[in-house]
Amino acid sequence: MLGFKLFSPFLQRVSPWTCGACLRRQTVQQQQYSYATKAIPAKQALKSRRRRRLLLAGGGIGVTSAIVAVNDDAKHAFAAAQRSGRVVSTLFVCINDYRNTIKRESEEDYTELLRACHLRCAKRTLVTLEKNGSIFIKLGQHLSSLTYLLPSEWCDTFIPLQDKCPVSSYESIEEMVVKDTGLGISDYFSEFEEVPIGAASLAQVHRAVVRATGQKVAVKVQHPALDEWSKLDLALTRFTFETLKYWFPEYDLTWLSEEMEVSLPQELDFNREGENAIRARKYFAKVKDAPVIIPDVLWAKRRILVMEYVSGHRPDDLEYLDSNGIDRDEVSAALARIFNEMIFGTNAPLHCDPHGGNIAIRHNPSRRGNANFDVILYDHGLYRDIPIALRRSYAKLWLAVLEADELKMRKYAYEVAGIGDEYFPLFASAITGRDYMVVKENVAIPKSAQEKETISDALGDGMLQQLVQLLGQVPRVILLILKTNDLTRSLDENLHTRQGPARTFLILARYASRTVYEEQLEKLRGSVLWPSNFLVFLRALTAHFRVEMRLNFYEGYLGLRAMLGLGPVI
């Protein structure tokens with residue numbers, strides 16, 4: 001601590017340790033000095049007093065500087081202790097609450113007691129997350145979406161965090177820009193709106209105008225406080241989940257903190273985000289059937305990203321869609337095409353955070369037909385590359401699911417994630433979001449109220465523990481694919497489409513089939529006209545053509561229903 005290093009020598013000079021003999025000798029010397037001083041002329045005495053005053057003033061300034069330094073360090077240490085104390089105290093109060101509640105398992109009203117415990121602990125945790133802010137807000141947002149993994153009391157309590165993101169002051173942003181670039185905001189921009197147009201847990205976005213060109217841009221700036229606390233907060237997150245594992249080993253959620261330790265540093269590097277956005281923009285420039293817009297990146301630093309300003313409306317803004325004649329079914333289909341291209345496309349980058357705040361819809365009457373809109377993708381901080389072998393096995397797994405071929409489902413579930421027979425039904429439900437009995441029959445049918453109740457009851461009857469153990473053992477990239485699947489399903493449900501899930505599953509089948517078709521062509525050696533090669537080619541082409549025909553037929557059927565004014569497909 002710099003403050004203590006500055007302060008301690010001063011203390012040593014003011015009050016040194018002295019032995020008895022030295023003290024007596026010092027007393028005699030002081031008396032002799034006192035007699036001598038009386039003989040000093042008044043002018044010299046005055047100079048001496050001035051020198052003493054200067055020395056005292058200098059000493060006072062030194063002490064004040066040291067105290068300020070001590071206070072700066074002390075303030076940081078105190079704040080760190082507060083953050084840690086909130087987490088640790090909340091953690092152990094909740095653990096104790098659960099342990100006491102579980103002891104009452106034999107009581108008749110145990111279910112209600114457990115729900116009340118869930119709610120109490122969730123509310124305590126919410127207070128801690130809000131007070132600590134920073135990445136704890138992001139953690140809470142992520143936990144609120146784990147509806148298949150956490151009790152509803154926890155998920156519902158954390159929902160307010162989706163709209164409760166911190167806003168950093170303009171002054172702190174200005175200070176950060178100067179620190180990171182050497183120039184102020186006004187040096188780069190002729191206009192800069194001090195109030196952000198959007199704020200998230202890690203950053204906020206301001207509208208601005210580039211001074212040199214007059215171009216309107218969006219400036220994404222990281223919350224300055226993140227640099228100060230991110231390492232501590234990650235350590236506290238890991239400590240929390242490891243402690244929970246110690247007390248409740250059957251609910252091992254340490255994979256959540258492990259994934260955060262990998263993902264968060266990537267999301268905090270806006271240089272990397274800029275590179276991801278440029279790569280995705282180049283990739284989709286070659287994909288003609290996906291109406292995706294990715295804002296151009298002008299320049300980026302670690303904590304600052306300047307992009308082309310492109311605005312739109314959230315995909316769940318149904319009033320905007322309907323008032324502009326944008327077909328919700330077509331928006332759903334476009335989202336399905338975009339994200340299946342990312343999952344199954346060769347060398348495609350996968351956007352792993354496609355929630356409603358990172359996607360916008362913009363009316364574009366220049367596009368032909370019903371697809372009179374653009375899909376704008378924001379926030380490219382969290383990307384993954386799926387290995388080609390995994391893409392292909394995952395494609396075969398989905399084709400098996402859509403064909404209700406259980407034997408192949410089990411085979412490719414093992415290839416994709418090492419899933420054996422014990423966890424296979426649960427894994428099949430996790431990747432589809434459906435009850436396993438439905439997966440075995442026809443996953444493309446709409447989800448009934450009875451199915452939703454069955455899934456909810458299963459989670460309460462011990463499946464939750466199995467699911468936690470399952471997610472702890474699958475490859476991390478599969479976790480992110482599952483997260484992407486969950487978020488895109490949620491986007492689709494919020495659109496309240498007329499078509500049901502059949503069309504989106506057929507679109508998925510098209511991309512999976514294309515992946516398998518390309519693999520089979522790649523295996524051919526020599527001319528395709530050789531009899532053996534021609535048979536392989538014909539078989540692969542027929543399988544792929546069959547999926548294309550099914551999708552085209554179903555889309556034609558949906559179009560006919562729409563023309564006749566018929567209701568939704570159920």
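Only heavy atoms go into these numbers, but all of them, side chains included; no hydrogens, no water, no symmetry mates.
Lys396 and Glu519 are joined by a salt bridge, as a carboxylate oxygen and a charged side-chain nitrogen come within less than 4.0 angstrom of each other. Salt-bridge annotation for Glu330 and Arg367: absent, with no side-chain N of the basic residue lying under 4.0 Å from a carboxylate O of the acidic one. Using a cut-off of 4.0 Å between Lys/Arg side-chain N and Asp/Glu carboxylate O, Arg392 and Glu522 are scored as salt-bridged. The pair Asp180-Lys301 does not count as a salt bridge, with every side-chain nitrogen at least 4.0 angstrom from each carboxylate oxygen. In this structure, Lys138 pairs ionically with Glu267, as a charged nitrogen and a carboxylate oxygen lie closer than 4.0 Å. Classification of Arg302 and Asp227 as a salt-bridged pair holds, one side-chain N sitting under 4.0 Å from a carboxylate O. Under a 4.0 Å N-O distance rule, the pair Lys216/Glu308 does not qualify as a salt bridge.
Ring to ring, Tyr414 and Phe424 are not that close: their centroids are 6.0 angstrom or more apart.
Under the 30°/60° scheme for interplanar angles, the aromatic rings of Phe158 and Trp154 are found to stand perpendicular. Note on ring orientation: taking the six-membered ring where Trp is involved, the planes of His313 and Tyr320 are parallel (angle under 30°, cut-offs 30° and 60°). Between Tyr394 and Trp398, the two ring planes are perpendicular [angle over 60°; tilted spans 30° to 60°].
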In sequence, state the C-alpha distance, the side-chain angles, and the governing distance for Arg328 and Asp316, and then conclude on salt bridge (charged side-chain N to carboxylate O under 4.0 Å, His left out).
-> CA-CA 10 Å; Arg328 303 180 195 177; Asp316 55 4; over 6 Å; no
Intermediate values then yes/no, side-chain contact (heavy atoms from CB on, under 4.5 Å), Leu321 and His363 | CA-CA 8 Å; Leu321 300 182; His363 183 227; over 6 Å; no
Starting from the C-alpha separation in whole Å, work towards a yes-or-no answer on salt bridge (charged side-chain N to carboxylate O under 4.0 Å, His left out) for Glu242 and Arg238.
-> CA-CA 6 Å; Glu242 286 181 347; Arg238 171 175 278 277; 2.7 Å; yes
What do the steps show when you test Thr128 against Thr125 for side chain to side chain donor-acceptor pair (under 3.5 Å), and what is the final call?
-> CA-CA 5 Å; Thr128 296; Thr125 305; over 6 Å; no
Would Val297 and Glu275 count as a side-chain contact (heavy atoms from CB on, under 4.5 Å) if you check the C-alpha gap in whole Å, the side-chain angles of each, and the deciding distance to 0.1 Å?
-> CA-CA 9 Å; Val297 174; Glu275 292 169 0; over 6 Å; no
For Gln473 and Tyr423, run side chain to side chain donor-acceptor pair (under 3.5 Å): C-alpha distance rounded to whole Å, both residues' side-chain angles, the deciding distance at 0.1 Å, then the answer.
-> CA-CA 11 Å; Gln473 71 181 45; Tyr423 286 117; 5.0 Å; no
Can you check side-chain contact (heavy atoms from CB on, under 4.5 Å) on Ser332 and Thr504, steps first, answer last?
-> CA-CA 8 Å; Ser332 170; Thr504 53; 3.5 Å; yes
Could you walk me through whether Arg362 and Ser311 pass side-chain contact (heavy atoms from CB on, under 4.5 Å), step by step?
-> CA-CA 7 Å; Arg362 180 180 66 178; Ser311 65; 5.9 Å; no
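The closest side-chain heavy-atom distance from Met342 to Phe284 is below 4.5 Å. The shortest side-chain heavy-atom distance between Leu256 and Leu139 does not fall under the 4.5 Å cut-off. Within the 4.5 Å cutoff, the side chain of Asn364 has no heavy atoms near those of the Pro291 side chain. A heavy-atom distance below 4.5 Å is found between the side chains of Lys179 and Arg303. At a threshold of 4.5 Å between non-hydrogen side-chain atoms, the residues Leu377 and Phe339 count as touching.
A distance-only check finds a donor-acceptor pair linking the side chain of Thr515 to the backbone of Tyr511 [under 3.5 Å]. Arg391 places a side-chain N or O within 3.5 Å of a backbone atom of Ile343 that can act as its donor or acceptor partner. With Asn358 contributing its side chain and Pro354 its backbone, the two residues share no donor-acceptor pair below 3.5 Å. Put simply, the side chain of Glu194 never gets that close to the backbone of Tyr170: no donor and acceptor are under 3.5 Å apart. Using a distance-only test at 3.5 Å, with no hydrogens or angles considered, no donor-acceptor pair links the side chain of His223 to the main chain of Ala225. Side-chain N or O atoms of Asn340 include one that pairs as donor or acceptor with a backbone N or O of Ala336 at under 3.5 Å. Of the possible polar contacts, one joining the Asn372 side chain to the Gly325 backbone as a donor-acceptor pair under 3.5 Å is found. Although no hydrogens or angles enter the test, the distance criterion places a donor-acceptor pair under 3.5 Å between the side chain of Arg83 and the main chain of Asn132. In terms of modelled atom types and a separation under 3.5 Å, the side chain of Asp327 and the main chain of Asp329 share a donor-acceptor contact.
For the atom pair Leu506 CG and Phe553 CZ, the distance stands at 11.0 Å (nearest 0.5 Å). Distance check, rounded to the nearest 0.5 Å: CG of Leu129 to OG1 of Thr157 gives 11.0 Å. Separation of atoms CZ (Arg272) and NE2 (His380) is listed at 14.5 Å; rounding is to 0.5 Å. Going from atom CD1 of Ile135 over to atom CD of Gln141 covers 12.0 Å, rounded to the nearest 0.5 Å.
Looking at Tyr188 and Arg211, their side chains never bring a donor and an acceptor atom within 3.5 Å of each other. No donor-acceptor contact under 3.5 angstrom links the side chains of Thr254 and Ser257, judged on distance only. For Glu259 and Ser263, the side-chain atoms include at least one donor-acceptor pair closer than 3.5 Å.
The number of heavy atoms from other shown groups lying within 6.0 Å of CD (Glu175) does not exceed 12. The number of heavy atoms from other shown groups lying within 6.0 Å of CG (Asn347) does not exceed 12.
Screening Leu350, Val416, Leu390 for a side chain to side chain contact (heavy atoms under 4.5 Å, CB included) with Val477, the sole residue that qualifies is Leu390.
Applying the side-chain contact (heavy atoms from CB on, under 4.5 Å) rule to Ser513 yields the partners Leu399, His544, Val547; only residues at least two apart in sequence or on another chain are considered.
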